[in-house]
Amino acid sequence: MTCAITGGVDTHADVHVAAALDPIGGLLGVKEFPATSAGYARLLSWLGGFGTVCLVGIEGTGSYGAGLARYVSTAGVRVVEVDRSDRQDRRRQGKTRPPRRRQRCPGRPVRPGPRRAQGPGRRRGGDPRADGRQAQRRR
């Protein structure tokens, strides 16, 4: 019995990275292929080794992935373009996981306020810039 395989390809100038997914989205494998017509054939053959390829999502079908998209669609496989999310939007969202302290010890209270710097100047009441950093020279 052959299963319907979905491929996903991250395209670059010299190499394309392909991932094969089973019908429920499980990762079957990841492999790199050269961005040449021979590499396109090897990529599609590799995906076909897992089962019947019914869909391939390709990033950048208008630039680095254009040749691959033409090759795959000519072979009779449905091609969809995969857009990357905007980098600025990803940066604005910030971290997606909780801080490690809360992750490890969810019941432990977090110390309020910032921690004070601990250096030789801070502990002994000396020069506050003597905490290991070298003074900047003016030129």
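All values derive from a computational prediction rather than experimental measurement.
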Output the distance between atom [atom1] ([X]) and atom [atom2] ([Y]), rounded to the nearest 0.5 Å.
X     : Y     : atom1 : atom2 : value
Leu55 : Arg78 : CG    : CZ    : 5.5 Å
Arg42 : Glu32 : CZ    : CD    : 11.0 Å
Thr74 : Leu44 : OG1   : CG    : 10.5 Å
Leu47 : Lys31 : CG    : NZ    : 10.5 Å

Q. Do Trp46 and Val9 belong together in a cluster built from hydrophobic side chains that touch within less than 4.5 Å?
A. yes

Q) Are Phe50 and Val77 co-members of a hydrophobic cluster defined by side-chain heavy atoms under 4.5 Å apart? A) yes

Heavy atoms only: give me the nearest [X]-[Y] pair and the separation to one decimal.
X     : Y     : result
Thr6  : Cys54 : OG1-SG, 4.5 Å
Thr11 : Gly65 : CG2-CA, 3.6 Å
Thr61 : Ile58 : CG2-O, 3.6 Å
Val53 : Gly48 : CG2-N, 3.6 Å
Leu28 : Leu21 : CD1-C, 3.9 Å
Ala18 : Phe33 : CB-CE1, 4.0 Å

(Q) If you apply the rule side chain to side chain donor-acceptor pair (under 3.5 Å), what do you find for Asp14 with His12, and how did you get there? (A) CA-CA 6 Å; Asp14 299 325; His12 300 280; over 6 Å; no

Q: Check the angle between the aromatic planes of Tyr71 and Tyr40 and answer parallel, tilted or perpendicular using the 30° and 60° thresholds.
A: tilted

Q: Evaluate the criterion side chain to side chain contact (heavy atoms under 4.5 Å, CB included) for residue pair Ile5 and Thr52; output intermediate values, then yes/no.
A: CA-CA 6 Å; Ile5 301 299; Thr52 303; over 6 Å; no

Q. Is the shortest heavy-atom distance from the side chain of Leu68 to the side chain of His16 under 4.5 Å?
A. yes

